[in-house]
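Note that this is a predicted model, so its numbers are computed, not measured. Counting starts at 1 for both ligands and their atoms, in listed order. We're numbering straight along the sequence, starting at 1.
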Amino acid sequence: MNKRSVRDLDVGGKRVLVRVDFNVPVKNGQVTDDTRIRRALPTIRHLLENGARPVLISHRGRPKGEPDPKYAMDPVAKRLEELLGVPVLKLDAAVGQEVEEALKNRNAEGGVVLLENSRFYPGETKNAPEFAEQLATLADLYVDDAFGAAHRAHATTVGVAERLPAAAGLLMEDEIDYLDKVLLNPERPFVAILGGAKVSDKLGVIESLLSVADTLLIGGAMCFTFFKAQGFEVGKSLVEDEYVEEAGRLMNEAGEGLVLPVDIVVAKRMEETASAKVVRVGEIPENTMGLDIGPETVERFGEHIMGARTVFWNGPMGVFEIDAFARGTEGVARAVAGSGATSIVGGGDSVAAVSKLGLEEAMSYISTGGGASLEYVEGKELPGIAVLPNKEDA
Ligand code: ADP
Ligand code: MG
């Protein structure tokens, strides 16, 4: 990574505003998945060990620019304190007089401060100068560790970075390094696997992966748009008609580099109790929909994956939330886990599938950025990264 890192900063005695991605699910006042909190710990610990006073800020959920108790950061503070083993002072605001007072009265041994949800303020998503200015007055330095929010030009990701000496956190650094490893200098063969719901979400990603990967395996709902482009009957499967032509073009250009399923699990309804059966591609009955890749496809995809030295995976192969349609995703996950390749998994649902299978440890890297990692793979410049100074400017 050529961005300035938190390790390049002299943080001793400094107040450091850290943008973290604590956008975690909460149920009955408890954090139900603390992955993102755990992934932020190295940066927080680095700061504490070097005598800094960290002040953390994140958004959570989609409150509408005003306080909403449902999205308060209190459950996050509680979990963070348990994981960190250091006191966490949670404030009920993110900026303003009270926050400034609370921060002023703290010494370096006081642990960390967690500010209230940044999206309780309308200036956050608008990247309003006044809000960014208020945030900047809270600290001496700014560290961005929220890769998952880097594709948004908000006050806590961009505005404040323009107003304070800024650097990337350790998680941000890891995310960029792993994705660059895949995109810029992959060990070959490089096999990419794409699935999930929509072609339209991922057209740019398909195009980008086709240019860098040796083979692109496509499953999930998006394969039906490709089948339609080949003139196959797809029944009631999810198809995006406006992208059929584009899918046809991509297939022609890619040739053997793009590999589609040969068999499909179909059912009349998207329900556990719907009787599922396996059919050949091209023989999908009109009154059924394709909900997973079939066993022969799992085997063929598995052969490609086993021969790979690098694997990038985004998007489940089927409706993995329902057991009857989870086997394709499971088969692919097990192949990736057993391949010995450098494996990178990105995307909210793909990561959920891997963790449901208990295979997180078997992957080389799990990206915390859903949308952000896809935009990165597409080759888009993420505003939260672009705004950080390069190493040589440091
Ligand atoms: P990610 O979050 O990993 O990027 P997406 O959000 O693109 O993945 O897609 C995940 C969703 O796609 C899952 O909810 C899954 O049920 C759905 N999906 C996968 N295959 C199919 C299919 N054949 N038909 C309908 N939905 C599907
Ligand atoms: Mg998703």
Side-chain angles (χ1 to χ4, degrees), residues 21 23 25 33 35-36 62 147-148 151 179 192-206 208-209 216-228 232-240 243 247 260-272 274 276-279 281 284-285 288-295 297-298 301 311-333 336 343-357 359-360 363 365-378:
D21 180 4
N23 184 22
D33 180 351
T35 309
R36 285 177 163 165
R62 292 173 182 265
F147 179 74
H151 57 320
L179 288 171
I193 313 160
L194 269 187
K198 291 184 178 165
V199 182
S200 53
D201 284 348
K202 296 181 182 174
L203 265 182
V205 179
I206 297 174
S208 161
L209 288 174
L216 175 60
L217 312 175
I218 291 192
M222 64 165 76
C223 67
F224 301 104
T225 300
F226 287 89
F227 291 146
K228 188 145 183 194
F232 289 142
E233 170 67 51
V234 293
K236 296 192 291 174
S237 308
L238 266 189
V239 168
E240 290 172 282
Y243 290 96
L260 290 163
V262 291
D263 58 348
I264 293 290
V265 177
V266 300
K268 287 193 179 133
R269 285 164 287 112
M270 201 188 288
E271 290 166 14
E272 183 63 59
K277 63 176 185 179
V278 178
V279 300
V281 165
I284 297 175
T288 68
M289 54 185 122
L291 296 170
D292 195 10
I293 58 173
T297 303
V298 171
F301 281 13
V311 174
F312 174 82
W313 179 20
N314 166 268
M317 295 292 101
V319 183
F320 73 100
E321 298 92 336
I322 300 175
D323 284 345
F325 314 114
R327 254 169 249 149
T329 303
E330 174 169 3
V332 163
V336 176
S343 51
I344 294 162
V345 184
D349 293 287
S350 326
V351 172
V354 168
S355 105
K356 193 174 160 192
L357 291 162
L359 291 173
E360 281 155 312
M363 306 294 167
Y365 195 74
I366 296 207
S367 176
T368 54
S373 54
L374 289 183
E375 287 195 21
Y376 197 86
V377 171
E378 262 182 77

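Between D292 and ligand 1, no pair of N/O atoms sits closer than 3.5 Å. Looking at ligand 1, you won't find any N or O of L238 less than 3.5 Å from one of its N or O atoms. In terms of N/O distances under 3.5 Å, ligand 1 is approached by E321. Every N/O-N/O distance between L374 and ligand 1 stays at or above 3.5 Å. An N or O contact shorter than 3.5 Å is missing between G346 and ligand 1 by distance. Between S350 and ligand 1, an N or O atom pair is found at a separation short of 3.5 Å.
At a threshold of 4.5 Å between non-hydrogen side-chain atoms, the residues F325 and E272 do not count as touching. Looking at V354 and W313, their side chains come closer than 4.5 Å, going by heavy atoms from C-beta outward. Side chains of S343 and Y365 form no contact here, defined as non-hydrogen atoms less than 4.5 Å apart.
Ranking protein heavy atoms by distance to atom 23 (N) of ligand 1, first place goes to G290 O, 3.0 Å. D349 OD2, 3.6 Å is the protein heavy atom nearest to atom 10 (C) of ligand 1. Atom 22 (C) of ligand 1 has as its closest protein heavy atom A221 CB, 3.5 Å. Shortest contact from atom 12 (O) of ligand 1 to any protein heavy atom: A197 N, 3.3 Å.
A side-chain donor-acceptor contact under 3.5 Å links S200 and E240.
Not a single heavy atom of F325 sits closer than 4.0 Å to an atom of ligand 1. In this structure, N314 counts as a contact residue of ligand 1, since one of its heavy atoms falls inside 4.0 Å of the ligand.
Ranked by closest heavy atom to atom 8 (O) of ligand 1, the top entry among G348, P316, P261, G219 is P316.
Take the N/O/S atoms of D349: the one nearest the Mg ion (ligand 2) is OD2.
Residue G315 has at least one heavy-atom neighbour below 4.0 Å for each of these atoms of ligand 1: 3 (O), 8 (O). Atoms of ligand 1 lying under 4.0 Å from at least one heavy atom of K202, given by number and element, are 4 (O), 5 (P), 7 (O), 8 (O).
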